[in-house]
**Student:** 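Here you go, one structure.
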Amino acid sequence: MKYQYIIIAIFGVFLAQLVEHTGMVHFLEMKALDVRYELRSEHFRQQAFSKDIVVIGIDDVSIQEIKPPFILWDTFFAEIVEKLGKYRAKVIGLDLIWTKRIDDFIERPQEEKNALRRALLIAKNKYHTKIVMGIGAASRKSLGSQVQELDTSLPMKQFGAIVGRKGFGVVNTLPDSDNYIRRIKLKYQSVIEEKKSLPGFDSLIALHFRETPLVHAEGKPLLINYQLNKTFKILPFVEVLQQARADDKAYFEHNFKDKIVLVGVTNVSGDILPSPIAQETPGVLIHAHAIDMLINNNLLYKAPSGLIFGLSFFIAFLVVYYSSKKGIKAAILLTITVLLLYSAANVLLFNNNVLIPFIGPVLLIFWSFGLSFFYRFVTEERSKRRLAKFFRSYVNEQVVKDILSSDKPIALEGKREKICILFADVRGFTSYSENLPPEEVVKALNEYFSAMTEAILENNGTVDKFIGDGLMAFFGAPLYIDNPTLAAVKASISMRQRLEGLNQKWKSEGRSQLDNGIGLHTGFALVGNIGSDMKMDYTAIGDSVNTASRVEGVTKTVGAPILVTDAAYEEVKDLVDCEAKGDVALKGRADIFVYEVKGIKTFSENVDKRNKS
């Protein structure tokens, strides 16, 4: 199939994009994202300290040292908020949700009841500090999916008149399937009141600090571009409270002037969530990373889907094509190389805030590798079966097995090979056939050709064709033989021996005997599948073939059953016992020197000859 590689690659890309939306692959993709956060922090970024964001943390020490219960801390918040406003903090973000009014349960002096409201009013109106208060969004199921429902009643009643509706931001985070926090929303829509919405806590603070609009689709969740190399100053709540009571101007201006100040819980039993920062991350620190991303416009940008598709297709096609063409070792090496290059490119792009998927393409690489080998196995097995069926009529079964197991391709379309060509012909066949019934002639020829074919196949020869009472064979193709001439000589000797055995059998049966002549020549010939669209044969053609045929024709004249040309003799002179017969005239060509084959030299004869030399 002409376009099989493209089809396999496209199918793999669509499959990879499909599985990317499954729970397991999404889970793995998020874990791969965490690894990229860590790699970027460790190898591509220097340690940095945020100059714009400070966290006032309600830690264990603060809780221990401040005696009243946390529900009564609004007066302490008031003291800190007022001083933050006084000493020019630019934005105050209270990562806290007031879900109950303590004054509904206990009686307090009026001054304490209004302390936080008064401090917020002073900071906002007198010192022009931007105030963002946290508000909650309760999750509930709707049509099988998770939606968030704004709960604005209490915070709005308590502080709405002071900070205004635009002073509230939703502090809820968006957990992934593994409960890690990697996303925020810039805007939350109320499912109760369609026209009402509130900004996210982080986006509202960033907007107040930047004083310019944020460029992003507000309704879509946004990945937090965690900079794990960046740290934020975290000051204990109790320490800041003490400095506020001391009205320490230097302390407040040094730590908070012109900065975003986040107030939130940092103790281990409070607002602790899993994130790429750590398994136990204070929620206020997650907000700090999100705000830092927004104020510096350091967003992660997902590569366009068209680019992802094109890149995935290129990777799949590359792996499929070369895995189908190369050996297993080369294919594995290529697949590993592609995997490493893609991983490196993924990390480098991520370092430049461009996010491309990792798990899906990695699965695609392995899919392409596996499918290409499956396709290769199926097509090669089909090709091998066809090749085996084709060659079984030419060579022996062992040669067929060797052809199928060989790493070298068999060139059926034609290739010049150095081979030894053998021609054999029955002498006096015309008079023989005229004196016998046709049935007897056919029976004798079939027995004769069967014996000759066995001798050729046993010596790894290829039976080319039967030409009347003659036959043609060659040695050295389709499978390479170290010395094709020696194999042809051995086959010739075996043919003569088998013919002698047949003659003895026929004599005992009272039947006529046969004689033959065999001619051998070694040279280059074009070997391949030759013929028409309707009939083709695996054969050899060329001048060397014609020479071997002519040599066989002079065996009777010379009086030798097996003749080899000087070219063939040079290939076996140390291995075969030959007798020189001199130059003979060949029809249509120059004279050629020939030798009569007497037999195969023994081991001792070869040793004696080497010693003499």
**Student:** Could you state the interatomic distance from CG (Leu241) to CD1 (Ile58), rounded to the nearest 0.5 Å?
**Tutor:** 11.0 Å
**Student:** May I ask you to test the Gln227-Arg45 pair for a side-chain heavy-atom distance under 4.5 Å?
**Tutor:** yes
**Student:** Taking atom types as modelled, is there a side-chain donor on Tyr251 or Gln242 under 3.5 Å from an acceptor on the other?
**Tutor:** no
**Student:** Does the side chain to side chain contact (heavy atoms under 4.5 Å, CB included) test come out yes or no for Asn353 and Asn298, once each step is laid out?
**Tutor:** CA-CA 8 Å; Asn353 293 338; Asn298 194 28; 2.6 Å; yes
**Student:** Does a donor on one side chain sit under 3.5 Å from an acceptor on the other, for Asn225 and Arg40?
**Tutor:** yes
**Student:** Should Lys233 and Asn255 count as side-chain neighbours, where that means a heavy-atom distance under 4.5 Å?
**Tutor:** yes
**Student:** Between the side chain of Asp59 and the main-chain N/O of Ser62, is any donor-acceptor distance below 3.5 Å?
**Tutor:** yes
**Student:** Just to verify, which of Ile205, Val261, Ile291, Ile131 counts as forming a side chain to side chain contact (heavy atoms under 4.5 Å, CB included) with Val91?
**Tutor:** Ile205
**Student:** Determine whether more than 12 heavy atoms belonging to other residues, nucleotides or ligands lie under 6.0 Å from atom CZ of Phe314.
**Tutor:** no
**Student:** Using the test side-chain contact (heavy atoms from CB on, under 4.5 Å), find all partners of Leu228 that sit at least two apart in sequence or belong to another chain.
**Tutor:** Tyr37, Glu38, Ser41, Tyr226, Ile277
**Student:** Using ring centroids (six-membered ring only for Trp), state whether Phe14 and Phe309 fall under 6.0 Å.
**Tutor:** yes
**Student:** Do Met30 and Ser177 touch side chain to side chain, with heavy atoms closer than 4.5 Å?
**Tutor:** no
**Student:** Determine whether Leu339 and Val362 satisfy the following criterion, side chain to side chain contact (heavy atoms under 4.5 Å, CB included), listing intermediate values before the conclusion.
**Tutor:** CA-CA 7 Å; Leu339 184 61; Val362 167; 3.7 Å; yes
**Student:** Show the numbers, then the answer: is there a side chain to side chain contact (heavy atoms under 4.5 Å, CB included) between Leu300 and Phe350?
**Tutor:** CA-CA 8 Å; Leu300 272 176; Phe350 187 77; 3.7 Å; yes
**Student:** State, yes or no, whether a side-chain contact exists between Lys230 and Asp292 at a heavy-atom distance under 4.5 Å.
**Tutor:** yes
**Student:** Which distance, rounded to the nearest 0.5 Å, do you find between the CG of Leu355 and the OH of Tyr301?
**Tutor:** 13.0 Å
**Student:** In the structure I gave you, are the side-chain heavy atoms of Glu82 and Arg118 within less than 4.5 Å of one another anywhere?
**Tutor:** yes
**Student:** Run Arg117 and Asp74 through salt bridge (charged side-chain N to carboxylate O under 4.0 Å, His left out) and show every step you take.
**Tutor:** CA-CA 9 Å; Arg117 290 162 57 86; Asp74 52 343; over 6 Å; no
**Student:** Can you see whether Tyr180 has Lys31 sitting over its ring - NZ or CZ less than 6.0 Å from the centre and within 45° of the normal?
**Tutor:** yes
**Student:** I'd like to know if Arg88 and Glu253 make a salt bridge, using a cut-off of under 4.0 Å between side-chain N and carboxylate O.
**Tutor:** no
**Student:** Hey, is the main chain of Pro282 close enough, under 3.5 Å, to the side chain of Asp271 for a donor-acceptor pair?
**Tutor:** no
**Student:** Should Leu262 and Ile56 count as side-chain neighbours, where that means a heavy-atom distance under 4.5 Å?
**Tutor:** no
**Student:** Ion pair present between Lys83 and Asp248, side-chain N to carboxylate O less than 4.0 angstrom?
**Tutor:** no
**Student:** Could you tell me which residues satisfy ring-ring contact (aromatic ring centres under 6.0 Å, His included) with Phe358, sequence neighbours excluded, listed by chain and number?
**Tutor:** none
**Student:** With Tyr87, which residues qualify under ring-ring contact (aromatic ring centres under 6.0 Å, His included), at least two apart?
**Tutor:** Phe252
**Student:** Do Thr75 and Leu116 have side-chain heavy atoms sitting under 4.5 Å apart?
**Tutor:** no
**Student:** Any donor and acceptor pair, going by atom type alone, linking the side chain of Thr335 with main-chain N or O of Ala331 inside 3.5 Å?
**Tutor:** yes
**Student:** Name the one of Leu285, Asn179, Thr173 that satisfies side chain to side chain contact (heavy atoms under 4.5 Å, CB included) with Leu273?
**Tutor:** Thr173
**Student:** Counting distance only, does the side-chain N/O of His287 pair as donor-acceptor with the main-chain N or O of Phe201 below 3.5 Å?
**Tutor:** no
**Student:** Quick check for you: to the nearest 0.5 Å, what is the distance between Thr129 atom OG1 and Ile122 atom CD1?
**Tutor:** 11.5 Å
**Student:** Does Phe369 reach the side chain of Val320, with side-chain heavy atoms less than 4.5 Å apart?
**Tutor:** no
**Student:** Write down the atom of Pro276, the atom of Ile181, and the distance for their closest heavy-atom approach.
**Tutor:** CD-O, 3.5 Å
**Student:** May I ask you to decide whether Lys259 forms a salt bridge with Asp52, counting only side-chain N to carboxylate O separations under 4.0 Å?
**Tutor:** no
**Student:** Rounded to the nearest 0.5 Å, what's the gap from CD1 on Ile356 to CG on Asn346? Could you check?
**Tutor:** 4.5 Å
**Student:** Flag the pair Glu42 and Arg36 as a salt bridge only when some basic side-chain nitrogen lies within less than 4.0 angstrom of an acidic carboxylate oxygen.
**Tutor:** no
**Student:** Can you see which heavy atom on Ala119 is nearest to which on Ala78, and at what distance?
**Tutor:** CB-O, 3.2 Å
**Student:** How many angstroms lie between atom OG of Ser312 and atom CD1 of Ile365, to the nearest 0.5 angstrom?
**Tutor:** 9.0 Å
**Student:** Determine whether the aromatic ring centres of residues Phe237 and Phe77 are separated by less than 6.0 angstrom.
**Tutor:** yes
**Student:** Measuring from atom CD1 of Ile359 to atom CG of Leu364, what distance do you get when rounded to the nearest 0.5 angstrom?
**Tutor:** 12.5 Å
